[in-house]
Amino acid sequence: MTITKSAAALFKPFEGGRLTLENRIVMAPMTRQFSPSGIPGPDVAEYYRRRAANGVGLIITEGTIINHPAAAADQGIPHFYGEEALEGWKRVVNAVHEAGGKIAPQIWHTGMAREMEKFPDSNAYPVGPSGLNLTGKPVSEPLTIEEIHGLVQAYAQAAADAKRIGFDAVEIHGAHGYLIDQFFWEVTNKRTDEYGGDMLGRTRFAVEVIEAVRAAVGPDFPIIFRFSQWKPTNYEAKLAATPQELERFQAPLSAAGVDIFHASTRRFWEPEFEGSDLNLAGWMRKLTGKPTITVGSVGLDSDFISLFQEGKDAGAASIDNLIERVERGEFDLVAVGRALLSDPAWVSKIRDGRTEELKPFTSEALATLT
């Protein structure tokens with residue numbers, strides 16, 4: 001990788017959204033499946049500690065599942081409930097703090113993405129707003145109002161536990177075709193009650209989750225909300241096709257208590273709407289006035305979809321364009337995914353100008369906790 005611009009903008013302290021960080025670099029949440037029976041062990045704590053010791057400003061953990069029988073979509077996903085799992089996460093928090101870092105759990109329910117054949121010991125059917133999978137095919141019965149209320153409280157309990165055991169913030173996963181996003185998307189939400197219908201109705205579940213989380217953690221604990229336009233079955237999907245629709249989408253979420261929006265895209269440099277160079281994080285910052293996190297192939301020359309569809313590894317790529325966007329204030333924070341997964345020292349190497357030492361991303365990085 002060649003960087004012709006100074007990376008100093010990435011290493012300026014950040015203060016906003018009830019959060020104070022030493023720099024602008026965030027570790028993106030990346031599913032690892034290295035927590036047997038849902039319990040994160042010492043290897044997980046060490047995995048995150050290494051990133052903190054190398055200067056990551058904020059670590060957002062891999063997705064952790066809330067307390068619901070159908071929350072997980074794969075074995076080995078860490079739980080965020082139960083004494084043993086929470087004790088494991090407390091050890092992770094302590095390790096990160098001792099290394100000088102800050103950390104937030106991503107709390108998650110996979111909804112209709114759950115495949116029962118991966119859980120031979122579980123009779124829990126996948127759940128979603130209308131019982132439809134991501135292709136619109138019926139799989140189960142729609143969630144009842146009572147079940148929706150129970151899910152809202154499960155998110156709130158997870159957030160309360162995050163604060164109690166020492167995390168610095170919490171991220172709600174509302175992206176990528178999982179449960180909250182299934183309420184957002186008209187393909188998977190065909191409800192005609194208060195949780196469906198128009199865009200405002202489709203945001204109601206997320207709004208209730210955010211409000212319940214805010215009530216559980218109090219007024220000063222940072223809440224990050226991750227969302228995306230794209231879905232695993234449709235990379236061209238749009239919750240909002242215009243800036244005006246995006247403004248209508250974000251307004252109730254912002255009012256409910258989100259402090260920072262994490263706008264998930266596959267390639268951070270791509271404009272979100274015609275007629276503007278702003279990416280999705282840039283538009284959310286413009287519309288909300290709140291801090292935003294950008295993400296998508298930072299520091300790499302191919303997006304993560306190429307890995308899963310083509311088995312394609314990724315080499316290091318210039319971040320000059322990223323630095324320019326941070327300097328002009330398009331977004332506030334930068335989430336780094338695969339580059340940090342394969343190279344725990346990515347941040348310190350960028351900071352110290354040791355870019356010739358950066359490691360390429362290979363699929364082998366998915367198989368171990370390095």
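For clarity, every value in this text was computed on a predicted model and none was experimentally measured. Heads up: numbering here begins at 1 and tracks the sequence.
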_Contact check, side chains of Ser35 and Val44, non-hydrogen atoms, under 4.5 Å_ = yes
*Report yes if some heavy atom in the side chain of Thr61 is under 4.5 Å from a heavy atom in the side chain of Val92; otherwise report no.*
no
_Are Ile223 and Leu287 connected into the same hydrophobic cluster when the rule is that any two of I, L, V, M, F, W, Y join if their side-chain heavy atoms are below 4.5 Å apart?_
yes
*asked:* Between Arg114 (side chain only) and Ala72 (backbone N and O only), is there a donor and an acceptor less than 3.5 Å apart?
replied: yes
_Would the distance check show the side chain of Asp343 and the main-chain N or O of Leu358 forming a donor-acceptor pair, the cut-off being under 3.5 Å?_
no
*Does a side-chain heavy-atom distance below 4.5 Å link Val187 with Lys231?*
no
_side-chain hydrogen bond (donor to acceptor under 3.5 Å, both in side chains) partners for Asp43, two or more places apart_ = none
_Counting neighbours of CD on Glu147 that are heavy atoms of other residues, nucleotides or ligands and sit closer than 6.0 Å, is the number greater than 12?_
yes
*Does Val56 share a hydrophobic cluster with Phe14, counting links as ILVMFWY side-chain heavy atoms below 4.5 Å and allowing steps through other members?*
no
*Would you indicate whether the side-chain heavy atoms of Arg191 and Ile148 approach each other to under 4.5 Å?*
yes
*Please answer whether the main-chain N or O of Ala71 pairs with a side-chain N or O of Thr110 as donor and acceptor at a distance below 3.5 Å.*
yes
_Under 3.5 Å donor-acceptor, Ser130 side chain and Leu132 backbone_ = no
*Are there more than 12 heavy atoms of other residues, nucleotides or ligands under 6.0 Å from atom NZ of Lys163?*
yes
*Report, as yes or no, whether the 6.0 Å neighbourhood of atom NZ on Lys12 holds more than 12 heavy atoms from other residues, nucleotides or ligands.*
no
*Write out all pairs satisfying ring-ring contact (aromatic ring centres under 6.0 Å, His included) with one or both partners inside residues 46-75, taking only residues at least two apart or from two chains.*
His68-His109
*Using atom types as modelled and distance alone, determine if a side-chain donor or acceptor of Arg32 lies under 3.5 Å from a backbone N or O of Thr368.*
yes
*Taking only residues two or more places apart in sequence, or in another chain, which ones meet Tyr81 in a ring-ring contact (aromatic ring centres under 6.0 Å, His included)?*
His79
*Evaluate side chain to side chain contact (heavy atoms under 4.5 Å, CB included) for Asn279 paired with Glu272, printing each intermediate quantity in order.*
CA-CA 5 Å; Asn279 70 6; Glu272 191 58 35; 5.5 Å; no
*With the 4.5 Å side-chain cut-off for hydrophobic clustering, are Trp269 and Ile350 part of the same group?*
yes
_Asp168 and His97, any side-chain heavy atoms less than 4.5 Å apart_ = yes
*Locate the shortest heavy-atom distance separating Ile180 from Ala206; write the atom from each residue and the value.*
CG2-CB, 3.7 Å
*Salt-bridge test for Arg214 and Glu211: reply yes if a basic N is under 4.0 Å from a carboxylate O, no otherwise.*
no
*Is the cationic atom of Arg266 (NZ for Lys, CZ for Arg) positioned less than 6.0 Å from the six-membered ring centroid of Tyr235 and within 45 degrees of its normal?*
yes
_Show, in sequence, the C-alpha distance, side-chain angles and deciding distance for Phe273 and Leu246, and conclude whether the side chain to side chain contact (heavy atoms under 4.5 Å, CB included) test is met._
CA-CA 10 Å; Phe273 303 115; Leu246 186 63; 4.0 Å; yes
*Which heavy atom of Pro222 sits nearest a heavy atom of Gly17, and at what distance?*
CB-O, 3.6 Å
*asked:* In this structure, would Ile39 and Phe34 fall into the same cluster of hydrophobic residues linked by side-chain contacts under 4.5 Å?
replied: no
*Please report the shortest heavy-atom distance between Ile293 and Ile224, naming the atom on each side.*
CD1-CG2, 4.1 Å
*Is a donor on one side and an acceptor on the other found under 3.5 Å between the side chain of Gln229 and the backbone of Leu239?*
yes
*asked:* Quick check on ring pair (Phe, Tyr, Trp, His ring centres under 6.0 Å): which of Phe184, Trp283, Trp185 does Phe249 satisfy it with?
replied: Phe184
*Side-chain heavy atoms of His262 within contact of His173, under 4.5 Å*: no
*Just by distance, with hydrogens left out, do Asn94 and Glu98 show a side-chain donor and acceptor under 3.5 Å apart?*
no
*Can a donor-acceptor pair be found between the side chains of Glu141 and Tyr125 at a distance below 3.5 Å?*
no
*Can you list every pair that meets side-chain hydrogen bond (donor to acceptor under 3.5 Å, both in side chains) and has a residue in residues 245-254, with sequence neighbours left out?*
Ser254-Lys290
*Measure from the side-chain N and O atoms of Arg50 to the backbone N and O of Thr370, and report whether any donor-acceptor pair falls under 3.5 Å.*
yes
*Grab the two heavy atoms, one from Ile60 and one from Glu171, that are nearest each other, plus how far apart they are.*
CD1-OE1, 3.3 Å
*Between atom CG of Leu366 and atom CD of Gln33, what is the distance when rounded to the nearest 0.5 Å?*
9.5 Å
*Taking all heavy atoms of Pro126 and all of Met116, pick out the closest pair and write down the distance.*
CD-CG, 3.9 Å
_Contacts of Asn234 that satisfy side-chain hydrogen bond (donor to acceptor under 3.5 Å, both in side chains) - sequence neighbours left out_ = none
*Find the distance between CG (Leu10) and CD (Glu327) and round it off to the nearest 0.5 Å.*
8.5 Å
*Can you name the nearest heavy-atom pair linking Leu134 to Thr233, along with the distance?*
O-OG1, 3.3 Å
*Quick one: are Val334 and Arg325 in side-chain contact, heavy atoms under 4.5 Å?*
no
*Evaluation steps, side chain to side chain contact (heavy atoms under 4.5 Å, CB included), between Gln157 and Asn67*: CA-CA 8 Å; Gln157 184 61 57; Asn67 189 5; over 6 Å; no
*Backbone of Ala175 reached by a side-chain donor or acceptor of Ser228 within 3.5 Å*: no
*So if you build clusters from Ile, Leu, Val, Met, Phe, Trp, Tyr with side-chain heavy-atom gaps below 4.5 Å, do Ile77 and Phe80 land together?*
no
*For Phe261 and Arg226, what are the C-alpha separation, side-chain angles and deciding distance, and is it a side chain to side chain contact (heavy atoms under 4.5 Å, CB included)?*
CA-CA 6 Å; Phe261 283 97; Arg226 195 178 209 207; over 6 Å; no
*How are the rings of Phe205 and Tyr155 set relative to one another: parallel (under 30°), tilted (30 to 60°) or perpendicular (over 60°)?*
perpendicular
*asked:* Between Lys90 and Leu86, is there a side-chain heavy-atom distance shorter than 4.5 Å?
replied: no
*asked:* Using the rule side chain to side chain contact (heavy atoms under 4.5 Å, CB included), only one of Val298, Leu341, Asn54 pairs with Trp346; which is it?
replied: Val298
*What pairs of residues pass the salt bridge (charged side-chain N to carboxylate O under 4.0 Å, His left out) test when at least one of them lies in residues 68-87, not counting sequence neighbours?*
Asp74-Lys118
*Say whether, by atom type as modelled, one donor and one acceptor occur between the side chain of Arg202 and the main chain of Tyr195 under 3.5 angstrom.*
no
